[in-house]
Amino acid sequence: MQIRVEVNGLRIEETVSSRLLLSDFLRHQLKLTGTHVGCEHGVCGSCTVTVDGAAVRSCLMLAVQVDQAKLSTVESLAPGPQLHPLQEEFRKAHALQCGFCTPGILMASLDFLGRFPEPTREEITEMLSGHLCRCTGYIPIVNAIERAAPRLRTSP
Amino acid sequence: MKPGPFIYTAPDSLEEALELLDEHGGEAKPLAGGQSLMPLLNMRFAQPAVLVDLNPVPGLDGIVQRDAQLEIGATVRQASFGASPLVREHIPAAATAVPHIGHFVTRNRGTVGGSLAHADARGELPLALVALEGSVRVASHRNGERMVSADELFVTHFTTSLSDEELLVSSIWPIADNDWHFAFEEFAQRHGDYALGMVCVGIRVSNGHVSDARVAVSAVTDRPVCLDDAGAALIGHAAVPDAAREAGAMAATAVDPHSDLHATARYRRHLTGALVERACLVVFEAAS
């Protein structure tokens, strides 16, 4: 099937098989390997991307379902050498070690902080329940998101 | 972990979606938010020949108030449902159940209609619909529309009374009068995990006394059910902690949960009582 989709600001037209997962479309067909695939059944959260601004699990969507949509993957956060404020805070807070879960958490946080610009630590923790991280113990991730929140309120 | 082959269809209208379901019967599966169906496809527990994607179907994503009820279209996302001012004002019990459903990200995609049609006995929205005595609007190509009460909809875990060619097009949530107060309580080992126990309690209070009550439970049963005896135990009593404890004790005796890796039957029974008691106390507080 033919789909037209905007990925990280770039409009593209691709032919996809109807059973191709969005996560595999991004990684294998578009070579956007920043989106990681962990469990492939919606539990780990590492494949999270945004579709029309809303964070979704890309392993639980078909590529054919994003026809006419606007997608953002982790690659969109820092197109140049300057890191996105979220990424900067993750680095400063040591909010990652192996980095496998990070792309998903960053993309979920982007949508989360857009809708809840002043979250409590409890709300951040609740949001993170959808993301498995086996390195950090989560505390540094909560710290990073908490510190990124005021920066995202002032800069888009 | 990739879905097996299927024919993907994206109908432009409800009529076309119903025709597809009629044509393919049990071989077809409607796809709404996909937060339960897609994992089943990826793991190949489900291998339907035809997928009928409801997302492009216009008219299924509305939240409409009609007299004393809210009608929620099948593809309204759980996140939109929980954030809707109409839902928060008129059916707050359902709104408070939403944060317990999966996670922030899955609620962006998961739908109200999908949760109801999936009929997971650990689903929050099926329990809320039963507690609020709601119903669903069902349509089929051959027989048109019919209404099914929540009580008749849920048969057992993962099973509804709908036939293969029928589609759940919306859910109807009655708006209770101001004397009614509801509370939703659940316990899961980690936030977003499948609940070990969940309850929704509704109490109508007049002059400090309970005049009507509903105690509904799920996850400890094979489908959401109203425990009539526990509800009846509250009626006529003052809205005080003793009454809450009594209702909890009745609820704990009324259920017959199973044991598994996550918890013993005895634990689940105790949890049911504790959750009912807690929900009653929340409701009493709201009513006072």
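Lettering follows sequence order; numbering is per chain, from 1. Quick note: numbers below take in every heavy atom, side chains included, and nothing from hydrogens, waters or symmetry partners.
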**Request:** For A:F100, look at atom CZ and say whether over 12 heavy atoms of other residues, nucleotides or ligands are found less than 6.0 Å away.
**Result:** yes

**Prompt:** Tell me, do B:R109 and A:L60 make a side-chain contact under 4.5 Å, heavy atoms counted?
**Reply:** no

**Message:** Quick check on A:D67 against chain B: is it the side chain, the backbone, both or neither that has a heavy atom closer than 4.5 Å?
**Reply:** neither

**Prompt:** Are more than 12 heavy atoms from other residues, nucleotides or ligands located less than 6.0 Å from atom NE2 of A:H94?
**Reply:** no

**Fill in**
Scanning both residues in full, the closest heavy-atom pair of B:A79 with A:R115 reads CB-NH1, 4.2 Å

**Message:** Counting only heavy atoms not in A:Q2 (residues, nucleotides, ligands), do more than 12 fall under 6.0 Å from its CD?
**Reply:** yes

**Heavy-atom contact with chain A under 4.5 Å, split by part of B:I7** = neither

**Message:** Taking side chain as everything from C-beta outward and backbone as N, CA, C, O, which of these in A:L21 sits under 4.5 Å from a heavy atom of chain B? Side chain, backbone, both or neither.
**Reply:** side chain

**Request:** Taking all heavy atoms of A:G42 and all of B:T106, pick out the closest pair and write down the distance.
**Result:** O-CG2, 4.5 Å

**Request:** For A:A108 and B:F104, work out which heavy atoms get closest and say how close.
**Result:** O-CE2, 3.7 Å

**Asked** Given the options A:S18, A:C59, A:S17, which has more heavy-atom pairs under 4.5 Å with chain B than any of the others?
**Response** A:S18

**Message:** Using the rule given for side-chain contact (heavy atoms from CB on, under 4.5 Å), can you reason through A:L62 versus B:L31, listing the C-alpha separation, both sets of side-chain angles and the distance that settles it, and then say yes or no?
**Reply:** CA-CA 11 Å; A:L62 300 167; B:L31 171 64; 4.3 Å; yes

**Message:** Check this for me: B:E27, atom CD, are more than 12 non-hydrogen atoms of other residues, nucleotides or ligands nearer than 6.0 Å?
**Reply:** no

**Fill in**
Interface check, chain A: of B:M43, B:R190, B:H191, most non-hydrogen pairs under 4.5 Å belong to B:H191

**Prompt:** When rounded to the nearest 0.5 angstrom, what is the spacing between CG in A:D24 and NZ in B:K2?
**Reply:** 3.5 Å

**Message:** Let's go through A:H41 and B:M1 carefully: what are the C-alpha distance in whole Å and the side-chain angles of both, what is the deciding distance for side-chain contact (heavy atoms from CB on, under 4.5 Å) to 0.1 Å, and is it a yes or a no?
**Reply:** CA-CA 8 Å; A:H41 63 284; B:M1 295 291 283; 3.6 Å; yes

**Item:** Heavy-atom neighbours of B:R44 CZ exceed 12 at 6.0 Å
**Value:** yes

**Message:** Under 4.5 Å from any heavy atom of chain B, what part of A:M107 do you find: side chain, backbone, both or neither?
**Reply:** neither

**Derivation of the side-chain contact (heavy atoms from CB on, under 4.5 Å) call for A:H131 and B:H103** = CA-CA 9 Å; A:H131 296 267; B:H103 310 284; over 6 Å; no

**Rounded distance [0.5 Å steps], CG in B:D53 versus CD in A:Q65** = 4.5 Å

**Request:** Look only at the side chain of B:N42 and the backbone of A:E40, and say whether a donor-acceptor pair between them is shorter than 3.5 Å.
**Result:** yes

**Asked** What do you reckon, is CD of B:Q65 surrounded by more than 12 foreign heavy atoms closer than 6.0 Å?
**Response** yes

**Complete:** chain B shares the most heavy-atom pairs under 4.5 Å, among A:V37, A:L20, A:V51, A:V64, with A:V64

**Asked** Shortest non-hydrogen contact from A:E126 to B:P99?
**Response** OE2-CB, 4.2 Å

